[in-house]
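Please read these numbers as outputs of a predicted model, since none were measured by experiment. Numbered from 1 within each chain, the chains take letters A, B, ... in sequence-line order.
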Protein chains: 2
Amino acid sequence: MKRKITLKQIARELDVSISTVSKALSNSKEISEDTTQKIQAFAKLYNYKANNIALSLKNRKTKTIGILIPEIVHHFFSTVIRGIERVANRRGYNVIVGLSNESFTKEIINMEMLANGSIDGIILSISKETLLKQDYHHFNATINQGIPIVMFDRVVNEVDCDKVIVDDFNGAVKAVKKLVENGCKNIALITTMDYVSVGRLRTQGYLEALGLSGIEANSNLILKIDDSLDVENHLDILETEITQFFKANPNIDGLFAVNELYAVSAMKVARKLGLTIPDDMQVIGFTDGVLSKHATPSLTTVSQHGQKMGEQSANLLIDRLEAEDNDNEQYFTNNPKDHDFIKVVIETEIIERESTK
Amino acid sequence: MKRKITLKQIARELDVSISTVSKALSNSKEISEDTTQKIQAFAKLYNYKANNIALSLKNRKTKTIGILIPEIVHHFFSTVIRGIERVANRRGYNVIVGLSNESFTKEIINMEMLANGSIDGIILSISKETLLKQDYHHFNATINQGIPIVMFDRVVNEVDCDKVIVDDFNGAVKAVKKLVENGCKNIALITTMDYVSVGRLRTQGYLEALGLSGIEANSNLILKIDDSLDVENHLDILETEITQFFKANPNIDGLFAVNELYAVSAMKVARKLGLTIPDDMQVIGFTDGVLSKHATPSLTTVSQHGQKMGEQSANLLIDRLEAEDNDNEQYFTNNPKDHDFIKVVIETEIIERESTK
DNA sequence: ATATTTAACGAAAACGTTTTCGTGTTGACA
DNA sequence: TGTCAACACGAAAACGTTTTCGTTAAATAT
């Protein structure tokens with residue numbers, strides 16, 4: 001078991017100084033061609049690679065970015081990670097992942113763990129509990145420490161940073177409009193409680209689309225699910241709620257759900273109630289994941305383009321990191337550019353499948 | 001924007017030496033109570049936290065473990081990550097993720113990126129291309145550099161390291177036996193090409209179960225899918241293959257599929273062909289993911305317990321890392337324990353749902 | 001022959017810690 | 001009064017780099 005070789009060992013072995021080795025390996029022309037070749041040959045032989053940690057310490061940057069998300073067993077979030085990893089890798093960065101598990105405390109602990117030198121910047125999506133508490137001091141704290149943050153999807157105005165969001169509002173508008181165009185008269189909505197911003201925005205989009213179409217919103221047609229409980233493991237509850245909802249409103253002929261789980265569950269319930277989709281009821285969900293694609297009938301959805309969100313987030317963050325590098329060489333450290341934060345909006349797209357006509 | 005405070009700054013500010021500050025913060029009794037209090041108060045005020053990178057360099061260990069998997073938008077793999085992250089976090093480790101994207105080259109590049117000091121050990125699952133090439137030198141190389149590896153799920157005998165696998169063979173046996181018990185006479189298999197070990201093992205389990213039940217295997221009832229192509233994006237191809245398969249074998253009354261995508265697709269095809277599940281055909285899939293749970297009818301599956309695999313892998317790795325620490329204090333560095341590698345087998349479990357009687 | 005440039009290399013600082021090993025001051029004790 | 005612990009602290013090395021700034025010797029210019 002050979003430990004990795006270091007500059008010092010090469011130097012000792014070849015009877016030169018550490019500086020000489022370092023320079024030779026970076027092809028400095030301070031070093032004669034002879035020694036350079038000798039050193040490079042030796043280094044290659046022993047497969048020398050500079051130690052990342054030492055470089056990080058010296059350069060005061062780690063070339064790794066942190067990701068902090070609520071959950072990873074989740075199609076959307078893992079898609080975002082894939083996008084982040086893709087551009088991070090291409091641009092020479094590593095990716096370190098932390099999971100908040102929707103918990104405020106774990107979010108803070110993770111942030112602090114990451115902010116102690118492990119990473120140059122953070123890409124995150126806020127946990128539900130944090131959104132509920134509306135306590136964002138930990139974000140501002142790390143930003144103040146000079147660690148840039150990019151927020152995606154679940155963002156919040158109280159924190160000044162770059163943001164990448166999907167156009168939840170217009171996505172919902174598009175979806176509901178399509179239902180209207182397809183002839184639906186009584187369009188229902190299944191949504192979450194309002195504190196998750198994306199749910200709120202999608203609800204607003206639903207209302208807006210109805211308004212634009214001259215349809216009066218009917219609060220009976222809106223079902224709000226308390227997603228503080230872990231729905232994945234309480235499918236039965238979800239399904240009974242939907243069953244009651246459908247029974248109470250037999251006139252529903254169109255349904256918009258703010259996520260694919262609600263949509264797919266609704267289709268299941270509908271079928272049990274003897275309804276045919278899309279003939280008796282058309283359904284559109286938000287978030288294009290595996291469920292939508294493989295459900296029967298397959299589900300028409302509003303795609304969020306998670307991978308693109310990840311890529312944009314990573315590019316935004318790395319751009320800012322590398323801009324900082326240049327700033328340091330400028331005369332003004334506090335140049336105004338630092339406070340021009342960017343908000344990227346990813347356009348949604350409706351993917352039509354079998355659940356609509 | 002305040003940069004993080006360092007020992008040196010505290011020392012200068014309080015007019016003591018760096019060593020004193022360091023000792024005071026670790027409650028060394030070399031330092032008087034007065035100074036200790038003063039320093040600790042100051043440190044708390046400025047929210048001092050030791051810089052991780054500096055610690056890593058000094059201690060020659062990073063307290064982070066690398067994960068290298070083929071794909072992250074994948075229920076099983078993300079479940080494993082969740083498990084790893086969970087125990088890593090509990091035991092004070094960070095987690096850094098690399099994706100091979102099923103590519104041999106990306107796997108190597110990622111390994112080298114990680115092995116240059118960024119991590120203490122690696123947990124990985126081998127990419128398809130690597131399995132196909134059967135070239136495992138990069139794994140052995142990093143092991144030889146003193147970086148322990150734990151392989152999960154897709155493992156290989158040619159590399160000496162700890163391994164965590166699911167009992168693919170017996171899982172398949174159980175599944176097929178259940179089909180037999182449920183009265184199936186003509187049990188089909190949908191599987192992958194043989195180079196992915198897990199597919200091969202599950203196929204063998206299928207054959208074994210048939211043998212045990214006194215049923216003669218019929219090669220016509222085995223459909224091998226070439227999963228070198230990206231099936232997710234070529235569902236149509238998959239479905240037509242299955243359609244032909246079913247049409248050619250109308251006597252099929254039971255089906256075992258080596259993953260849930262194949263199983264769900266098969267159910268879809270079966271329904272289109274007018275078959276009712278589970279009445280006309282019972283179906284069991286391997287890998288318990290979202291699809292299985294939410295399909296209609298919901299799918300009986302063999303659960304791999306991904307999270308448990310992740311947790312076991314992480315524990316195995318960290319155990320070894322921390323055992324090494326102690327070994328260094330022993331007289332023998334090359335003690336025989338180093339070569340006793342552990343293979344943990346996670347038992348599968350059949351989760352019964354609507355697709356079987 | 002002397003001054004000056006150039007080539008080739010080494011010493012040392014710096015990044016932020018921890019830890020070992022001094023060192024000076026105090027108080028107790030003989 | 002002289003000796004010796006005990007106490008409280010500082011200097012410096014080490015982890016592995018890169019980079020600045022010497023320094024030496026040879027080569028060139030004057």
Terminal axes of the helix from C:dA1-D:dT30 to C:dA30-D:dT1 (five pairs each): angle between them, nearest 10 degrees: 80°
Do any pairs count as a salt bridge (charged side-chain N to carboxylate O under 4.0 Å, His left out) and have a residue in residues 48-69 of chain B, sequence neighbours left out, and if so which ones? B:K61-B:D325, B:K63-B:E322
Pair up each side-chain donor or acceptor in residues 148-160 of chain A with any protein partner under 3.5 Å, not counting sequence neighbours, and list the distances.
{"residue": "A:R154", "atom": "NH1", "partner": "A:E102", "partner atom": "OE1", "Å": "3.0"}
{"residue": "A:R154", "atom": "NH1", "partner": "A:I126", "partner atom": "O", "Å": "2.9"}
{"residue": "A:R154", "atom": "NH2", "partner": "A:E102", "partner atom": "OE2", "Å": "3.0"}

Run the salt bridge (Lys or Arg N to Asp or Glu O under 4.0 Å) check on A:E129 and A:K106 step by step: do they pass? CA-CA 10 Å; A:E129 197 185 351; A:K106 269 209 74 179; over 6 Å; no
What pairs of residues pass the ring pair (Phe, Tyr, Trp, His ring centres under 6.0 Å) test when at least one of them lies in residues 88-125 of chain B, not counting sequence neighbours? B:F104-B:H138
Residues that B:N315 engages under side-chain hydrogen bond (donor to acceptor under 3.5 Å, both in side chains), provided they are two or more places apart: B:R91
Using a 4.0 Å heavy-atom cut-off across all strands, classify A:L55 as base, sugar-phosphate, or nothing. sugar-phosphate
Those residues at least two apart in sequence (or on a different chain) that pass side-chain hydrogen bond (donor to acceptor under 3.5 Å, both in side chains) with B:T130 are B:E107, B:S127
Which residues, if any, of residues 32-52 of chain B bring a heavy atom under 4.0 Å of DNA chain D? B:S32, B:T35
For the backbone of B:A24 and the side chain of B:S28, can you confirm whether one donor and one acceptor N or O come within less than 3.5 Å of each other? no
Hey, can you tell me if A:F77 and A:H74 have their rings parallel, tilted or perpendicular (30° and 60° cut-offs)? tilted
So if I take residues 13-31 of chain B and measure heavy-atom distances to DNA chain D, which residues fall below 4.0 Å? B:V16, B:S17, B:S19, B:T20, B:K23, B:E30, B:I31
The criterion is side chain to side chain contact (heavy atoms under 4.5 Å, CB included); which residues satisfy it with A:N51, sequence neighbours excluded? A:I53, A:A54
Looking only at non-hydrogen atoms, find the nearest pair between A:V164 and A:S313 and report the distance. CG2-OG, 3.5 Å
Can you name the side-chain hydrogen bond (donor to acceptor under 3.5 Å, both in side chains) partners of A:T35, sequence neighbours left out? A:S32
Outermost nucleotides of DNA chain D that come under 4.0 Å of a non-hydrogen atom of chain A: D:dC15 to D:dC21
With sequence neighbours excluded, what pairs up with A:E30 under the side-chain hydrogen bond (donor to acceptor under 3.5 Å, both in side chains) test? A:K23
